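Have a look at the structure below before the remarks.
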Amino acid sequence: MILQIINIGRLHPLLVHLPIGILVLAFLMELYFRKKASGTEYKLITFALAMAALTTVLSVGSGWLLGEDGGYDETLLFRHRWMAVGLAIGSISLYLIKKYPRSWSKTIYLPLFIAVMGLLSLTGHFGGSMTHGEDYLFNNGQIKKPVITDVDKALVFNDIVKPILDDKCVSCHNPNKIKGGLIMTNKAQLLNGGDSGSILLAEEGELPSLIHHIKLPMEDEDHMPPKGKVQLTNHEIELLEWWIGHENCFDCVAGTLDKTEKISAILNSLEEDTSTRAVIAKEVEVVPEDWLASININGPVVTKLAAKNPLLIVNLSGIKDLGKSNLKALKKHAENIVELNLANSNFSDTISSYLTSFKNLTKLQLQNTAITDKSMETLSNLKHLESLNIYGTEITDKGLEKLTALSGLKTLYPWNSKISKEALDGYSSKHPAVTVVSLDEDLFTPSSLEPPSIIADTDFFTDSIEVTLDYFFKGVDIYYTLDGSEPDTTSTKYNKPIVLNNSAQIKAVSHKPGWDLSTVKTVSFKKSNILPSSITLNNKPNDKYKGNGGNTLIDLKRGTINFVDGNWIGYEGSNFAATLKLKKEELISTVSVGAFSSPEKWIFFPTGFKVWVSQDGNNFRLVHTEKLKAERPNSDTKFQFFDLNIPPTKSNFVKVEVMSQLKNPSWHPNPGGKSWLFVDEIVLN
Amino acid sequence: MSEKKIIEERSLILNRRSFLGKTALGVGGVALASLLGANLFRKDKNGILTKDDSLNGVKGILNSLHHPAKIKRVIYLFQSGGPSQLELFDYKPLLNQRRGEDLPESIRNGQRLTGMTAGQDKFPLVGSLFNFNQHGKNGTYISELLPYTAKMVDELCIIKSMYTEAINHDPAVTFFQTGSQQPGRPSIGSWLSYGLGSENENLPAFTVLLSRGTGRPNGQPLYTRLWGNGFLHSLHQGVQFRAAKDPVLYLNDPKGITKEVKREMLDNLAALNDKHYQESGDPEIKSRIAQYEMAYRMQTSVPNVMDTTKEPDYIYEMYGPEAKIPGTYAANCLLARRLAEQDVRFIQLYHMGWDQHDNLPGAIAKQAKDVDQASAALVADLKQRGLLEDTLVIWGGEFGRTNYSQGLLTDTSYGRDHHPRSFTIWMAGGGIKPGMVYGETDDFGYNIVKDPVHVHDFQATMLHLLGIDHEKLTYKYQGRRFRLTDVEGHIVKDILT
């Protein structure tokens, strides 16, 4: 029953290993017990030989059936099969001779055993060749790819396509193991195709079966290479398609076929790495790990470029007590060092002669060190140098001249050295292959002028205040006005801090010849010489934004853009009203109220004000009413003082009401929601 | 038995004992045992194994790189919140032509929506309010919002075909930083610290700098776990440098403790710890001593690196006036360059405030102004110093924004919701093709039509540039080997030089 389920032939790979092991064991026992054979050993060896004979016969039987399935190289199969038959006869004979000794047995037994062992090796070898390929034993695992030095001259089939097929397909499609009747080792066989016809030709609108099988989903039984085998990479698939797309040309040269940008890139990646580092890597020996460990005992200095790579990178940057010994220690393997970083260290001319040992350097970083032109002579011996960084050094035009000896140089970083622009330009034109890295001076020149910054400690003052105007960019003049008029280049030019003795509005612009005038920056400064003694809020602010109660409004500390800073008083969906009590009777002509707006946060400027005055705190007289237009659609966060001019009145009490717009306007993302009113500082003058 | 042999044996026994002890206690210890096993005992010049007293900084698990690296360090300018690719890089005039029309279902194709727009009954298309102009040798379209970035376009590789799997901020940022949407895995910088260790023994291998944008000042918060070490040893977590008197928290000595007292205290503590170590052989003790020493050295190195007052004026002109204000994006970019000069391996910036669901035009203009000049200046500054050759600079957020308006579409205002299917990032630096635009989206700016790049592909490519095979840098935890790219990730070879 079970035999019907299992194809007996497929048991062959399991069974073949039994006679191999048992025969070898029997042979070894025979040799070992030869001198002191007794009854027990004799029985043991006889039993082993019996088992060997039995399993050999089973192996031959199953192997015969498996061979019938086909798909194997006929010559190899023939040899394997008949040698195995011989082996079976040999092992049965051995058993019989051992079990039933005759007078001639002794002379024939050992030679026959040796012959059987030889036959066993050969049979095993041919069997292995059939399943694993003939060169399996002698190949070191790496299929040698042809080296492409110039991909344009490469033969598309021989140099590009065939290596892919050899690598990924041929292990199952070779003359020894012809899966699907397909052999992929040469042109003729590829054109022949397999059991299901051509693999390269296709009907209009269909993929050639080679590509079709490769592109089937991994789960599909017909996907190639089969699941579990090494798959083709995307690049390899694209190369195969490209080749078949050009009528699977067998003799074409890569340079002559048209190709997409992607194919060109893939082709270029096939070229042998001829970079300086790759060439050096071939010339030098791998550095022993011991040496690396000893040199890195005080933290990492030398690192390998990568695993299995003999090249080294040395980082001595930032070390301020660098001396001869540091460089001498590296001398032993200086040839392996391709990158040396001495940036920001105390490296100087006195030890720069040690650099000559590092003849394979491709990258050298000397930025921000004390080296001068003297050291540049040493550098000219570094024939492989490709990148040199000397920014922030004292090197001058003379030093640059010495660098002309560096024929392989690709990148030079001379920023902030003492080399003149003219010398650099001259060098660049003489050495077009070198990229001299520098920034365009105008790169970070602003595209338009910004208004200047107006800086002061506070915008309230009781006596006087000093205000500074500043603009970041050089070559810019600042003009300003104090009377509220729009400033231009005829206004006062700023050259020293402005001292204000009275309330004022500073308006300032930036100007640079040849540029448009900046927009106007406006900041108001309030002088407050009438200080209220107390303030009473007529309605309670929102709990979250109550600050320090009414005192928040008269503490001469203005709220910032960050409206949760505790210097603001906030009302949700209601107006604000407060009464201020003065220390003594004062003549009041202006009431200034600071407010905040940030529509995104549902906060809006007031829509109106009312001001009352009183002598006794009971009878108030309305002296000012003002209505403001509602804010237009905007999302800016802003602050403004609203100056309310009232008829100059002597009074002891002032009452202010600030009207909120109560609800978000229709243009707001949340129209109709309760809007907020934020107030800070009420200043009387 | 020779003396050498005794030491050798002892070292093995001690390591094995503590290894087993740690395994019983928790998996965290295993990491350390393997971390330190490699270099705790080293042969000296005479070939004798010696206990390594100079265990400075953190040593990486990889003895050597898998292949030669193109870059030595990464500066990741993370734009948190999801910058709108349609206002900055991905020029789609069709959206302006068809403004207000409903997004065709054939384009949206059942894309899931966030809770914020799922309720909208109409998805009106909206094009950028800002103009695009061509820049650089290849005539790359860049928005007028990024005038400085436009000037540097020949240095950048702009990838217009990024896509992600997450649609909300936290999972999306976590996905970018750790390779998984669920929290708990190590972030990129931690993986690098674990794999490569620290180049500079005075500074951590992974530093983090945060800034808030002006576009949406109170926008999405960030969580410290985004620069967390996950299941790796805590040595590998990102160290946040703050814009304050104490840039690194708990680093400075308490009042009244002088440098000398501190040194003496550390020496005595180390002697005690060493005694304990001789008895128990627990490598964690060595690691603890190393951390104390690192913190001590950072007391000088951190203030040095944070002190930008000696930077010349022309540098501030490059990075912009804001670079003088600590805590701004521009100031952080300047710091990033200083950290790069000090061989810090992974410098992570986060700039918050790109989450513009409503009122996008006003907000993105400010937000773009925050980052434009300083980002471009960083690339230029690295270049003139020769650092761009082996540094990778990345600019990008966690996802893009929709081509239709969230909320009301008016003449001057609209919003955009999260869009994971396509967005733009840029990279510049070693191993990356400069002046390149990679990938393409359809005319609606909704779907990718050419060369899609998944988050894992991005991560695999970054690791590849650093000389790491993303499939080989793994850490075994809870019975399986984890890696940054999870079980996916293909190197984007087309953008590599």
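Just so it is clear, the structure is predicted and the values come from calculations on it, not from any experiment. Proteins get letters first, then strands, A, B, ... in listed order; numbering begins at 1 in each.
Taking a 6.0 Å sphere around NZ of Lys410(A), one finds it holds 12 or fewer heavy atoms contributed by other residues, nucleotides or ligands. Atom NZ of Lys70(B) has 12 or fewer heavy atoms from other residues, nucleotides or ligands within 6.0 Å. Heavy-atom neighbours of Lys638(A) NZ from other residues, nucleotides or ligands within 6.0 Å: above the threshold of 12. Remark: Asp440(A) CG is packed, more than 12 non-hydrogen atoms of other residues, nucleotides or ligands lying under 6.0 Å away. Within a 6.0 Å radius of NZ in Lys259(A), more than 12 heavy atoms belonging to other residues, nucleotides or ligands are found. Shown here is Lys421(A), whose NZ atom has no more than 12 heavy atoms of other residues, nucleotides or ligands within 6.0 Å.
Looking only at heavy-atom pairs under 4.5 Å with chain A, the residue among Lys493(B), His490(B), Arg385(B) that has the most is Arg385(B). The candidate from Ala376(B), Pro361(B), Ala380(B), Gly407(B) with the greatest count of non-hydrogen atom pairs under 4.5 Å with chain A is Ala380(B). Interface check for chain B: of the options Arg277(A), Lys308(A), Lys601(A), Lys363(A), the most heavy-atom pairs under 4.5 Å are formed by Lys363(A). Considering only heavy-atom pairs separated by less than 4.5 Å from chain B, the leading option among Leu305(A), Ile295(A), Asn234(A) is Leu305(A). When Ser387(A), Ala265(A), Gly318(A) are compared by the number of non-hydrogen pairs under 4.5 Å with chain B, Ser387(A) comes out ahead.
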Exercise for review: Go through Asn344(A) and Glu341(B) one step at a time and tell me if the side-chain hydrogen bond (donor to acceptor under 3.5 Å, both in side chains) criterion holds.
Suggested key: CA-CA 9 Å; Asn344(A) 309 307; Glu341(B) 283 179 309; 5.6 Å; no

Exercise for review: Test Gln384(B) against Ser438(A) for side-chain hydrogen bond (donor to acceptor under 3.5 Å, both in side chains), laying out the working first.
Suggested key: CA-CA 6 Å; Gln384(B) 66 187 357; Ser438(A) 64; over 6 Å; no

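For Ser269(A), no part lies under 4.5 angstrom from a heavy atom of chain B. No part of Ser453(A) comes within reach of chain B, as not one of its non-hydrogen atoms sits under 4.5 angstrom from that chain. Contacts between Ala69(B) and chain A at a heavy-atom distance below 4.5 Å involve the backbone alone (N, CA, C, O). In this structure, chain B has a heavy atom under 4.5 Å from the side chain of Asn416(A), while its backbone stays farther away. For Gln373(B), the parts lying near chain A are the backbone and the side chain together; criterion is any non-hydrogen pair under 4.5 Å.
Side-chain atoms of Asp343(B) and Ser317(A), non-hydrogen and from C-beta on, do get closer than 4.5 Å to each other. A heavy-atom distance below 4.5 Å is not found between the side chains of Glu389(B) and Val437(A). The shortest distance between side-chain heavy atoms of Met318(B) and Leu439(A) falls below 4.5 Å. Counting heavy atoms from C-beta outward, Ser64(B) and Thr303(A) have side chains that stay 4.5 Å or more apart. Phe444(A) is not listed as a side-chain neighbour of Glu317(B), based on a closest heavy-atom distance of 4.5 Å or more.
Scanning for side-chain contact (heavy atoms from CB on, under 4.5 Å) contacts around His66(B) gives Leu62(B), Ile468(B), Asp469(B), Lys472(B), with sequence neighbours left out. Every residue meeting the salt bridge (charged side-chain N to carboxylate O under 4.0 Å, His left out) condition with Lys383(B), not counting sequence neighbours, appears here in chain and number order: Glu155(B).
If you take CG on Asn309(A) and CG on Leu65(B), they are separated by 10.0 Å, rounding to the nearest 0.5 Å. Atoms CZ and OG1, on Arg632(A) and Thr412(B) in that order, are 10.0 Å from each other to the nearest 0.5 Å.
In this pair, Trp415(A) and Tyr314(B) present their aromatic rings perpendicular. The plane angle is above 60°, beyond the 30 to 60° band.
Here the shortest heavy-atom pairing between Ala306(A) and Pro68(B) reads CB-N, 3.3 Å.
Listed for the Lys151(B) side chain is a donor-acceptor partner under 3.5 Å among the backbone atoms of Leu443(A).
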